[in-house]
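Just below is one structure, and these are the notes that go with it.
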Amino acid sequence: MIRKNMYCSTFRYLLPLGLLVAMVPCSAQSDLEFDGNIPVQQGGTPYVLAWAGGMNYTQVGQVDLNLDGLKDLFFFDRTGNAITTLLNTGGSGTNAYMLTRDFENTAPFSELHDWALFRDYDCDGKDDIFSYSQAGFSVYRNTSTPQELSFELLKFRVECDYVFTDGTSQRTNLYVSSEDIPGLADVDGDGDLDVLTFSQLGSYVQYYKNMSLENHGTCDSLDFVLRNACWGRFSENASTNAVALNAPCPFQVPDPEFGEDGRPVAAEPGSESDERAHAGSSVTPLDLNGDGVMDLLLGDISFPNLVALTNGGTVDDSFMTAVDDAFPEYDLTVDMPIFPAAFHLDVDNDGKRDLIVSPNSRSLARNFESVWYYQNVGTDAAPDFEYQEADLFQSRMLDFGEGAYPVPFDHNGDGLMDLIVANDGYFEPTGDYRGQLALLENIGTPSEPSFQVVTEDYMDLSTSGIGVAMYPAFGDIDGDGDLDLFIGDLQGKIHHFRNDPIGSTAQFSLFQPNITDADGAVIDLGRHVTPQFTDLDGDGLLDFIAGEQNGNLNYYRNTGTQAAPIWTFVTDSLGRVRTNDAFTLGHSVPFLFVNDEGVRELMVGSESGRIWRYSGIEGDLGGTWTLETSAFMGLDEGFRTGVCLFDFTADGELDMVVGNYRGGLSFWRSDLTSGIGTSAKPVGNVSVWPNPTTGTIELTVPDPLPVGTQWVVRNALGQQVLRMPANGTRFTLDLGGSPDGLYTIQAEGMRITSPVRVILSR
C-alpha cells in the first residue's frame with residue numbers, strides 16, 4: 001500500500017463564552033487512494049469518467065484485464081506513454097465501461113513506449129502485447145490464469161529472415177519504426193499472425209509471413225520471413241500520401257508470395273518508386289468489402305486523411321485495385337491535422353468491429369477531439385462505418401487539450417475550494433494553440449466535494465494576448481483583503497491582475513503586464529514559468545517562488561509592504577531543486593505545503609511526469625533541500641505533471657489533484673481507509689476572548705504556528721475584512737471598524753483550515 005505523510009489541523013469552538021482551537025498534527029500515516037467518483041458535471045451533464053486523466057494521441061486495444069471474460073479497453077497515449085484502462089461492464093453501447101486505475105502502473109504496462117498493440121498470436125484466447133523496442137518490436141505473452149493477470153517477455157526484439165533480391169537471406173530484427181504502427185493480422189488466412197509494415201527506406205509495404213503453421217503445425221510461434229517486398233503492388237509517393245497502383249518493384253524477393261512474378265522491375269529516376277527515408281505511417285489491415293481478402297487503411301505522418309486501398313486480388317495474389325483518399329467516402333471523411341491511425345475493434349459490444357481513429361502524433365495534432373468513433377452498422381465481415389463522434393470517452397472526462405495544471409482558488413468566497421485549471425493549449429486546425437484557464441466550481445459540501453465546469457475560458461483570458469501555457473497564482477499582495485491573480489506565461493513573464501470582486505465573487509482586470517523587480521527590470525524566468533505565492537521568509541509579506549522549463553526553482557522576496565510589494569531577486573536555485581535529468585527538460589511546477597511536524601515541504605511536478613518531494617526547507621532557505629523522492633507514490637501520469645493539495649474531504653488531511661500533459665486530472669483522496677483526526681492528540685488550545693466581542697479579540701496560542709501562517713477574518717458574505725501574520729503566540733485582532741454580525745476566522749498557511757465563528761455585537 002502506498003503511504004504518505006500530511007499535515008492536518010482542525011478548529012473546534014464553543015459559543016458564546018469562548019473559543020477553543022486545537023492544532024492536530026498527523027503523527028500517523030494514511031493512504032492516498034485514487035477516487036474516480038468525485039462528481040463533476042457541466043450544464044447538468046455528468047462527466048462519468050471525469051478523473052481519467054485525459055487523452056491526446058491514443059492507440060486503442062482490447063484485453064481482458066479483470067479476467068471476467070469480457071474485453072476491456074486499453075488506451076496507450078503517445079503523450080508520455082501514458083495508459084488509461086476502462087473495464088467492460090457487459091452492457092451495450094459505448095457507455096458499458098467504467099474507469100479503473102488498477103493496471104497502468106504495473107509491469108509490463110509501465111514499460112511500454114512509442115506504440116502498443118494487443119493480438120492473440122498463439123491462439124490461446126488471450127491477447128498478447130506487441131510494443132516497440134530498438135528498431136523493431138517486443139512481444140509479451142499473456143500468461144494469465146483465471147485468478148491472476150500476468151504477462152512474460154517472450155521476445156525483446158522479434159527477428160526475421162530478411163530476403164534479398166538474389167534469394168540470399170540474413171537473420172535480423174524485423175524492422176518497424178518507432179513512429180509507425182504496423183499491421184498485425186492473419187494476412188494469408190492460415191491461422192497465424194503475419195506482419196505488414198513499410199520498408200525502412202521507401203514507400204512500399206513489406207509482407208512478413210509467419211511460418212509457424214508451416215514449420216511447427218501450430219500458430220504459437222513467431223517465425224517470420226520476408227515474402228513480398230511490395231505487397232499489394234502499390235507504392236506511396238515519397239512527398240505526398242498519394243498512392244500509385246500496379247507500381248514497379250525494384251527490389252522484389254524471388255518468387256514473392258502474393259506477387260505476379262518474381263522479376264524485379266527497375267524504377268525510373270524521379271518516379272514514385274524512388275527510395276527515400278521513410279517518415280512514418282500507420283497500417284491497418286481489414287476486410288472492407290467482405291470478399292475475404294485483406295484491404296488496407298493507411299495514415300501518413302504529414303497528412304490529415306486516411307487512404308483506403310481495396311484489394312482486388314485473392315488471398316494468394318494480393319493486388320490493390322482502388323484508392324479512396326477521402327475514406328470513408330460514403331460518410332464523414334477522416335480529417336485530422338496530422339497522422340491518423342485506425343483501430344479495428346468492437347467498442348460497443350454488438351459483436352461487430354467498429355473503427356476508432358486517433359492521431360499517431362506526439363504533438364501538433366488535435367488534442368481534445370482526437371478519438372473519432374465510427375460505428376459499424378453493417379456486418380463484421382462487410383463493415384459499414386458510420387461516424388458518431390470526434391471525442392469518444394474524451395467528452396466524458398475532464399480534458400483541457402494539452403496540459404492540465406490545477407491550482408486551488410475559492411473564486412466565489414463560499415468557503416468551498418474551487419479549482420482553476422491551466423493548460424498548455426488547445427490545438428486549432430490552423431496549426432495554432434489556444435491557451436485557456438478553466439474554472440471548476442466546488443458545489444458540494446465541506447466534506448463531500450462536487451465540481452461543475454463553469455467555464456473553460458475563465459475571465460476570457462484566451463483573448464488577453466498572453467498566449468499559451470498560462471499558469472495562475474493567487475495572493476493578496478496589495479492588502480485590500482482579496483486575492484489577486486498573477487499569470488506566468490510561456491515566455492517567462494508574469495502578469496498581475498487586480499481583483500475587484502462583485503460581492504464575494506472574484507473579478508479580475510489587468511493591472512500590470514510583465515511585473516518588474518526591485519530595479520525596475522521586467523522579471524523574465526525563461527520559459528513555462530509557474531509561480532506560487534507564499535510567505536517564505538516568515539516576515540508577514542507574500543513572496544513568490546516559480547518553476548520553469550529548466551527544472552529549477554526561482555525565489556523573489558517581497559521587500560516592500562503589504563500594500564505595495566517590491567520583488568527582490570534572491571536566487572534561481574532555491575533549495576537546489578532540479579527536476580530535469582540527462583534525457584528530459586525539467587518543467588518544474590512547485591506546490592509548498594506543511595507536513596505532519598508543522599514544517600514546510602515541497603511537491604514539484606515535472607516534465608517526466610514524476611512528482612518530486614523535498615524537505616529540509618525550514619531554517620535553510622539558502623541551502624540544499626533534501627530530496628525525499630523523485631517518484632512520489634510511484635505515480636505515472638504521463639508528461640508534465642502539476643500537483644494541487646487541499647483538504648477537499650474535510651478529514652483533516654490533504655487530498656491531491658494531479659494534472660498531466662494529456663489534459664486531464666486525477667483525484668487522490670486521503671479518507672478512504674483511515675480517519676486520522678480521531679487518533680491524533682491535540683498539542684494545545686487556542687483561546688479567543690471575548691466572544692461575543694465589541695471590537696477587539698485576543699488570540700493566545702501555546703506554541704507558535706507554522707511559518708507563513710496568517711489569520712484571516714471574513715464577514716458573512718465571505719469578504720475578507722482582516723488579514724495578519726500569525727507570528728508568535730499572542731495576537732490581537734481589531735474588528736472595531738466592521739459592522740455587527742457573524743465573522744469567521746481561519747488560519748491560512750500552505751493550506752486552509754476549517755473556519756471558526758465570532759460574533760461582533762455592540
What orientation do [X] and [Y] show, parallel under 30°, tilted 30 to 60°, or perpendicular over 60°?
X: F118; Y: F151; answer: perpendicular
X: F533; Y: F544; answer: tilted
X: H528; Y: H587; answer: perpendicular

* Passes side chain to side chain donor-acceptor pair (under 3.5 Å), Q42 versus Y47? Steps please. -> CA-CA 8 Å; Q42 183 175 22; Y47 287 77; 2.4 Å; yes

* Asked: Closest heavy-atom contact between G54 and R662?
  -> O-NH1, 3.3 Å

* Looking only at heavy atoms, which two atoms of E548 and N554 are closest? And how far apart? ->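 Scanning both residues completely, I find the closest heavy atoms to be OE2-ND2, 3.1 Å.
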
Between [Y] and [X], is the closest basic N to carboxylate O distance under 4.0 Å?
X: D64; Y: K71; answer: no
X: R600; Y: E618; answer: yes
X: R101; Y: E637; answer: yes

Just by distance, no angles: are the side chains of [X] and [Y] close enough, under 3.5 Å, to form a donor-acceptor pair?
X: Q532; Y: Y471; result: no
X: T641; Y: N660; result: no
X: T584; Y: D581; result: yes
X: S670; Y: D651; result: yes
X: R396; Y: N95; result: yes
X: Y373; Y: D391; result: no

* To do: Verify the neighbour count for atom CD of E448: are there more than 12 heavy atoms of other residues, nucleotides or ligands below 6.0 Å?
  =>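 No - once you tally the heavy atoms of other residues, nucleotides and ligands closer than 6.0 Å, there are 12 at most.
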
